[in-house]
Asks: 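Below you'll find the structure I mean.
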Amino acid sequence: MTDAPLTEIPERVKPSSDALLAKPRRGPRDNAQVIRWILLFLGGVLMVMPIAYMISTSLKWPHEVYNVNLIPDEPTLENYTYVLEDGRFYNWFWNSLIIATLTTISNLFFDSLVGYTLCKFRFPGRTLVFIAILSTLMIPTEMLVIPWYLMSQQFGWLDSYWGIMFPGLMTAFGVFLMKQFFESVPDDFLEAARIDGLNEFQIWWEVAMPLVRPALAALAIFVFLGNWTAFLWPLIVTNSVEMYTLPVGLSGFGDEADVAWELIMTGAAISTIPTLIVFLIFQRFIIRGVVMAGLKG
Amino acid sequence: EVEIEYWQYFFDARVEAMEQLIENFEAANPDITVTMTHFPYADYRTKVAAAIPAGEGPDVVQLFYGWLNDYVEADLIQPLPADVFPAEKIDAEFFPMVQAMKDGDAYWALPTAVRSLALFYNERLFEEAGIEAPPETLDEMMDIAAKLTKRDGAGNLTQVGITAGMTAQDHHWWREGLIRQMGGEPYLDDYQTVNYNSDAGRAALDMYTSMFTGDDAVTAIGFMDEPQAAFKAGRAGMHIDGSFRIGSLNGTRGLKWGVTELPATADGTRSNYSSYWVNAITTKAEGEKYDAAVKFMEYITSDEAMQIWLDVVGELPAKPSVGLTEENANDATFGPFIRGLAYANTTKFANESAQRQLMVEMVERITLQDMDPAESLAIAAEAEQKILDEYYAD
Amino acid sequence: MAELALRSLTKAYGQTEVLHGIDLEVADGEFVVLVGPSGCGKSTTLRLIAGLEDTTSGAIEIGGRDVARLEPAARDIAMVFQNYAIYPHMTVRKNIGFGLRASKLPRADKKERIAEVAEILGMTPLLDRKPSQLSGGQRQRVAIGRAMVRDPAVFLFDEPLSNLDAQLRTQMRLEIKKLHQRVGTTIVFVTHDQVEAMTLADRIVIMKDGHIRQVGTPSEVYRNPADTFVARFIGAPSMNLIEGRADGARVALASGGEIALARGGGDVLLGVRPDDLHPVEGPALIEGRVTVQEPLGPETLIYVETSAGEVIAKADGRVPPAVGSTVRLGAAPEDIHLFDRQSGLALA
Amino acid sequence: MAELALRSLTKAYGQTEVLHGIDLEVADGEFVVLVGPSGCGKSTTLRLIAGLEDTTSGAIEIGGRDVARLEPAARDIAMVFQNYAIYPHMTVRKNIGFGLRASKLPRADKKERIAEVAEILGMTPLLDRKPSQLSGGQRQRVAIGRAMVRDPAVFLFDEPLSNLDAQLRTQMRLEIKKLHQRVGTTIVFVTHDQVEAMTLADRIVIMKDGHIRQVGTPSEVYRNPADTFVARFIGAPSMNLIEGRADGARVALASGGEIALARGGGDVLLGVRPDDLHPVEGPALIEGRVTVQEPLGPETLIYVETSAGEVIAKADGRVPPAVGSTVRLGAAPEDIHLFDRQSGLALA
Amino acid sequence: MQFYRNLTLRQKQIAWAWAFLAVPVLFYTVIRFYPTGNAVLISFQEWNLLGSRTWTGLDNYEKLWNDPEFWTVFVNTFQYLILGTPISLVLAFIIAYHLDKLRFGHAFLRMLYFLPFMTSAVAMAWVWRWFYQPVPIGLFNNLLASVGIPQVEFLNSVDNALPSVLAPAIWAGLGFQVIIFMAGLRAIPVSYYEAARIDGVGWWVQLTEITLPLLRPTIVFIVVFSSIGFLRIFDHVFNMTTNNPGGPLNSTEPLVLMIYQTAFTSFDMGYAAAQTVVLFTILLIVSLLQLWLLRADR
Ligand SMILES: Nc1ncnc2c1ncn2[C@@H]1O[C@H](COP(=O)(O)OP(=O)(O)OP(=O)(O)O)[C@@H](O)[C@H]1O
Ligand SMILES: Nc1ncnc2c1ncn2[C@@H]1O[C@H](COP(=O)(O)OP(=O)(O)OP(=O)(O)O)[C@@H](O)[C@H]1O
Ligand SMILES: [Mg+2]
Ligand SMILES: [Mg+2]
């Protein structure tokens with residue numbers, strides 16, 4: 001019956017892909033598969049076209065940048081050497097990595113704590129807290145930057161990792177996502193732990209959290225990505241080149257009215273690599289994770 | 001032992017030049033350390049605007065001349081000490097446009113370098129088309145442009161004679177160049193009143209739009225996205241741009257280019273636009289720091305600094321005495337710009353990007369909506385006046 | 001080990017009271033089964049004992065101590081949940097060990113205790129598996145192991161077998177029974193399956209709508225049901241109830257026919273279990289046409305359409321009456337129960 | 001209505017063959033139950049018949065026509081799924097009507113047909129409810145209704161009752177049986193519950209590991225199991241198997257004692273159902289100590305520890321032997337089954 | 001401690017809940033609500049960031065009401081919503097639907113579709129901008145030219161600019177939506193489809209009467225989040241039109257870009273704040289409406 005662990009795709013759901021995979025069908029259905037694959041592949045190729053051009057441009061000399069050809073006439077790694085030889089690049093990369101990682105960890109912790117509380121506890125003010133948190137999605141960052149700056153200055157957070165990170169330590173998106181995911185954790189699990197003498201914090205941390213691991217993986221990717229590419233706030237809050245994050249640093253490849261696109265593309269290509277790695281590691285979890293959220297309104 | 005902070009926007013050559021200046025300065029003043037920070041150009045203004053009012057940031061800051069008023073009004077920068085920077089002396093030594101920085105007897109800020117416009121041209125395309133000399137007049141410019149324009153079988157432009165686009169430097173050329181050359185005066189009352197909705201303005205606009213309208217258009221707005229891109233890619237014969245472009249064109253492989261003064265009218269009237277970035281001491285600098293900042297200001301506005309700036313960045317010295325040396329004025333590259341400074345004007349903007357945007361839209365109304373140029377010009381003038389009125393209201 | 005007492009326990013969710021005053025004493029080491037239809041309040045009672053819900057009024061004593069305000073962990077109980085609540089991300093060892101998570105035992109002792117419990121449950125070779133690699137019965141054992149490892153004064157089971165298929169259910173039932181015989185801990189066990197209740201319990205508590213209807217040993221509630229609800233609830237297939245009128249000496253059935261019974265009076269319901277109702281040759285209680293046969297092996301259930309409605313009887317497995325044939329059914333007088341038709345209460 | 005035939009049906013998923021050649025003929029109107037332990041291939045067989053999976057080899061004929069290449073919809077079958085597969089977003093009416101979604105009947109006829117089916121199933125008052133507002137048994141009926149409305153030649157049921165609780169299960173079992181008696185359609189019914197199989201089937205097909213082990217009427221498979229697997233699978237509790245040696249005249253038990261039986265030879269297993277094994281006064285088959293009692297009401301199961309292992313026997317319900325006492329157990333010779341110890345096959 | 005022990009379970013729950021929420025609530029109050037409140041305050045003031053703030057009452061709102069640019073922007077913003085949400089929803093669904101039906105290689109294809117979500121918006125905006133150019137450099141127009149179709153002005157056109165800017169935004173977010181849709185599709189039990197096959201209904205009926213209704217919660221989730229996304233669109237528009245922010249005659253300018261420009265090129269913080277308050281109100285209404293729809297059929 002229903003004793004399958006909810007964290008996994010329910011058994012009955014699997015055959016839609018895996019079983020079909022295992023079983024080559026003959027006849028017209030096979031052709032349909034091939035056509036479907038080809039069409040999806042073509043669509044996928046269209047999707048990555050701009051990315052292919054990004055990489056292509058990063059391999060071009062400046063004078064060739066404005067040509068339409070996908071394959072550079074004279075491919076060069078010059079741009080990569082230029083970007084990577086700049087000692088500051090590593091500095092920025094490192095800053096970004098630390099900040100994105102720490103922020104991700106913080107989000108995983110707090111978003112899930114809040115999501116869990118909103119999902120599993122009944123207390124006065126619950127709906128209010130939820131709507132209030134959700135409403136923070138409605139304010140564009142652009143408008144918050146100045147108050148944040150003044151705040152950072154008052155507390156002496158300017159030009160520090162903490163200063164760059166603090167606005168993103170929790171997000172409403174994560175809270176909402178995690179709240180959905182925790183709905184699929186049966187209360188029995190929590191009650192069993194309660195009987196075993198764990199306090200509420202331990203129950204959340206040791207029982208509930210491992211059960212939503214896939215969801216955490218999905219959230220991790222989204223948060224990491226968001227912080228990895230964040231630009232405006234890191235720019236405003238940093239005062240020294242050493243503290244720049246990668247996007248802020250890379251945006252320096254331009255002056256008053258001219259931009260070195262080949263370098264921008266190179267930087268973009270390089271900075272996609274960590275996110276790609278994060279995605280490749282966690283992508284299976286995304287599928288599973290969101291399944292579990294069930295999004296069952 | 002004093003440490004002061006200096007901010008400017010990031011551009012390789014500027015950073016390099018400033019590093020040299022700081023090194024020299026520190027050698028001469030061993031008890032002062034200067035730390036420089038730079039920010040991406042596109043967001044420099046935002047950054048400075050967020051930081052300085054908060055009392056953060058530098059002791060000496062580089063600002064665009066057009067922003068200065070706001071900083072003065074908000075008490076964010078302090079006047080230069082009259083004893084070190086006597087007004088009469090600066091009036092005499094610097095290019096006259098610098099006087100916009102003066103308030104009564106004191107200067108608020110001073111530039112190291114200034115910039116002006118000139119006409120870049122592609123020597124290889126000129127050779128191919130058998131053109132021997134760069135244009136001297138607007139008519140010649142149009143003729144040459146026509147010769148350099150190429151189209152494919154479908155009539156689409158594949159090469160333009162000259163670039164066009166108000167988004168780049170053309171709005172300066174139109175305001176301070178063409179209108180004045182047509183005998184007009186773009187603004188009155190110390191740039192508080194718009195005055196280009198006139199015959200001269202109309203003539204300047206017609207001249208400008210004739211480049212990209214009609215069957216014999218020699219260019220298109222947005223050809224290859226950005227004018228300098230088209231020029232760098234060797235697909236534009238001519239290109240009007242500022243002296244700051246020199247560095248990036250020098251780095252473009254396969255491009256052989258020359259530069260000449262902005263074309264004159266048939267009767268030889270010339271006019272140019274100049275602008276500059278100034279250095280100012282913020283109100284944050286007090287006591288020792290203030291003294292150090294003054295010393296630093298003194299050095300970076302010295303003749304020596306200006307020459308270094310010219311050599312490294314390619315920007316023009318702010319003093320005629322440095323700029324207009326025989327050598328500089330006849331330099332094949334810098335010459336046209338330096339000579340242009342002599343007849344250059346500097347627009348006092350209330351909100352540069354908003355005012356530029358009006359020029360962009362003025363042209364868009366004509367090209368995209370087929371509006372009568374006169375009408376479009378009137379709309380732009382009215383809108384710009386509104387911006388100015390609002391700005392000068394208090 | 002300890003005795004357990006519930007005194008006038010009530011529980012309301014918001015405005016709705018779902019337990020209306022439960023009184024129950026469970027002796028030390030006793031195996032008590034709460035049984036009743038879905039929604040009657042069995043789980044709620046158990047959750048109150050466990051401390052997972054606040055009581056609305058009344059007292060709960062474990063080993064003589066009022067535990068109403070104690071944390072679940074402080075009540076010295078262990079609970080096995082219907083869906084086991086074993087953690088899919090932990091191995092069997094960790095799952096079992098989780099019961100000791102909050103205990104202050106030295107690590108070595110904990111290990112030993114886990115090994116001991118695993119041994120008792122025959123899970124030693126499976127200690128390093130994850131729950132997904134276990135069969136249903138094995139999962140159930142893990143859940144029990146986690147409860148056992150804490151060596152509690154009272155075990156609470158909430159329908160621990162209802163997720164298992166028939167065969168496993170029978171087998172696990174036996175294991176729990178044996179476990180109780182070995183460890184002797186007080187057990188309160190909830191089920192809605194009367195067979196489970198009968199086979200496991202020292203005493204059965206039959207609940208309905210938040211009230212206790214009867215408490216007694218399995219044979220008491222089977223033989224002397226306190227009312228028609230208990231009578232029909234215990235025993236499968238359910239007891240047949242036939243309307244009649246008793247005059248103190250005999251009972252006249254509404255469907256015709258009568259039987260000598262010196263019990264009760266007035267409008268009654270006459271109850272006969274299918275097990276006790278057989279095709280007879282002689283004087284019959286009731287007669288009708290066989291509509292369905294259900295062969296069970298040694299015996300066959302027959303569904304008989306009578307003028308008093310459908311009744312179920314048991315016939316011999318080898319030569320059951322054919323479908324469509326008419327049978328006469330009779331029962332021994334001592335196997336006949338009488339109930340008041342109004343109140344449903346048993347008539348002595 | 002139609003007969004159904006499976007001929008040397010095999011099915012492989014990738015490299016693993018899960019059905020190894022199934023041969024089965026189902027007569028028109030017959031109620032056949034496929035039974036076997038989890039994973040033996042029951043559902044797979046059903047899904048092949050339904051056309052939800054391609055056969056690997058072999059043929060399927062419905063009403064004489066080879067249907068192997070037909071779409072499920074063209075096979076004139078209907079199927080009830082284990083989890084019902086009723087659509088949560090549709091009302092009962094729409095769910096039932098969905099079976100006619102693809103039919104070309106005029107709208108009015110469809111309506112009538114739905115009403116008719118709802119009437120048969122007693123669902124008329126519930127037609128406008130959503131599944132979430134139904135109890136488990138009612139949902140089951142909706143699923144059956146959706147199958148019935150199509151009036152197919154063959155009904156396929158895949159463990160339709162396994163999600164229901166014990167009481168509902170008994171009740172629905174009866175309803176399906178009655179339904180079959182009324183509409184007379186051919187039915188193939190899958191379950192792993194042998195009680196269900198016994199009570200429902202005209203013929204039972206017992207499967208294991210992708211093979212058919214025995215086909216026969218309920219009483220055939222109960223009385224004459226073809227091998228030890230069938231013997232233990234059918235009947236609860238399972239048949240006791242005791243090792244022994246037969247010499248054609250008598251069987252000597254490994255645990256000592258012997259019994260006169262003029263059957264078989266060599267190493268055998270002697271099988272006695274708990275139902276047939278009782279405490280006796282006289283010569284016993286085997287003896288041991290009672291370890292557990294399970295009172296079932298009229299009878300009591302006793303678990304007896306003997307030198308041949310634990311055996312289960314049935315004792316009288318009123319005065320069962322006490323736990324711990326020693327009992328002697330015996331059975332009538334005709335109730336004793338003999339199996340070859342090696343192959344497990346029954347010895348005549 | 002004694003006090004805690006004497007609480008009822010429910011009281012303990014409340015205590016724990018607020019203990020868990022203490023830090024986050026403090027965080028949201030200080031980091032989010034306070035600045036938001038501040039923005040509301042500023043919307044009644046005039047402030048150029050450099051100088052002091054002065055009260056101006058409803059002036060900023062009045063100015064907004066009378067600003068023709070605002071109304072263009074307002075319409076643009078809703079155009080992004082009205083075009084972007086359904087188009088991306090439909091595209092993402094179609095892709096997810098077919099990816100889900102695929103029996104091989106879908107992990108690879110999934111990555112192709114997800115990649116755009118991960119790449120830098122600045123870099124990608126430039127590539128797209130460049131695709132849109134007229135000949136000789138624009139990829140699209142070159143393709144058109146090679147098959148003899150007349151040139152299309154994409155960005156330099158009042159009518160085409162907005163859809164042209166929207167396309168990369170949809171493109172970038174598609175992967176995310178595809179993944180969520182696939183997850184939703186996978187949560188639908190296969191037996192629903194098997195039952196439908198036995199009943200003989202075609203793929204269209206399966207899609208419209210089974211898949212879509214059962215996917216409704218997923219759809220609403222995506223609708224809510226992508227609506228917020230499109231109403232807040234900024235990065236793509238800004239980067240696609242860096243040299244002419246807001247496109248020709250403001251034809252692509254969304255509200256957030258207007259806010260950004262008002263705040264950081266005109267430094268009219270009061271006016272920007274007023275626009276922010278309007279945006280906030282729109283978003284809140286749209287989201288609550290959608291969330292209410294989400295609840296409606298619970
Ligand atoms: N949290 C709750 N809020 C409101 N009512 C509840 C709650 N939990 C249970 N109930 C109600 O209390 C009554 C008793 O529920 P309980 O779970 O104890 O039944 P049960 O006897 O265990 O039934 P089952 O056999 O179905 O598990 C039911 O009517 C149920 O609807
Ligand atoms: N899609 C599949 N791919 C690979 N193997 C499968 C697939 N479906 C079923 N099997 C295997 O085929 C065998 C028979 O499965 P089937 O579902 O027919 O069993 P069953 O008798 O219905 O069991 P249960 O009683 O558990 O439903 C099992 O061993 C199972 O693991
Ligand atoms: Mg319950
Ligand atoms: Mg099955």
Side-chain angles (χ1 to χ4, degrees), chain C residues 4 6-19 22 41 43-79 81 83 85 88 101-104 132 152 154 156 158 163 165 188, chain E residues 1-25 96 99-107 110-111 114 176 179-195 198 214-215 217-218 221 288 291-292 294-298:
Chain C
L4 164 76
L6 312 181
R7 307 200 192 287
S8 318
L9 202 57
T10 71
K11 171 69 187 172
Y13 288 111
Q15 294 304 314
T16 24
E17 198 174 76
V18 300
L19 290 183
I22 298 292
S43 298
T44 306
T45 309
L46 216 57
R47 294 165 58 80
L48 289 175
I49 300 174
L52 294 171
E53 309 262 359
D54 286 323
T55 58
T56 302
S57 74
I60 301 171
E61 287 169 21
I62 295 176
R65 223 167 30 132
D66 184 346
V67 296
R69 282 291 160 104
L70 290 184
E71 286 284 311
R75 293 185 182 199
D76 202 9
I77 45 116
M79 183 159 170
F81 289 82
N83 57 5
R101 183 61 188 66
S103 128
K104 295 201 168 36
S132 59
V154 179
L156 306 174
D158 191 359
N163 279 343
D165 69 34
V188 181
Chain E
M1 210 55 226
Q2 188 56 43
F3 169 75
Y4 174 78
R5 272 200 216 107
N6 279 331
L7 296 176
T8 64
L9 285 173
R10 192 179 140 70
Q11 288 162 338
K12 282 177 190 164
Q13 279 235 327
I14 296 171
W16 274 105
W18 282 105
F20 283 176
L21 289 179
V23 175
V25 163
L99 270 180
D100 186 59
K101 286 225 179 326
L102 209 58
R103 286 185 228 123
F104 50 99
H106 56 5
R110 195 163 66 218
M111 197 189 71
F114 198 72
F176 174 64
I179 296 254
I180 292 199
F181 263 128
M182 283 188 67
L185 284 170
R186 262 144 200 260
I188 300 178
V190 219
S191 58
Y192 286 172
Y193 295 107
E194 293 183 334
I198 288 178
L214 289 172
L215 215 51
T218 312
F221 175 87
L288 288 182
L291 280 172
W292 177 75
L294 170 79
R295 299 197 137 249
D297 216 359
R298 263 194 123 125

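No experiment lies behind these values; they were computed from the predicted model shown.
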Asks: Using a 4.5 Å cut-off on heavy atoms from C-beta on, say whether the side chain of Gln11(E) contacts that of Asp54(C).
Replies: no
Asks: Is it true that Glu71(C) and Lys12(E) make a salt bridge, defined as a side-chain N closer than 4.0 Å to a carboxylate O?
Replies: yes
Asks: Starting at OG1 of Thr8(E), measure out to CD of Glu53(C) and round the result to the nearest 0.5 Å.
Replies: 11.5 Å
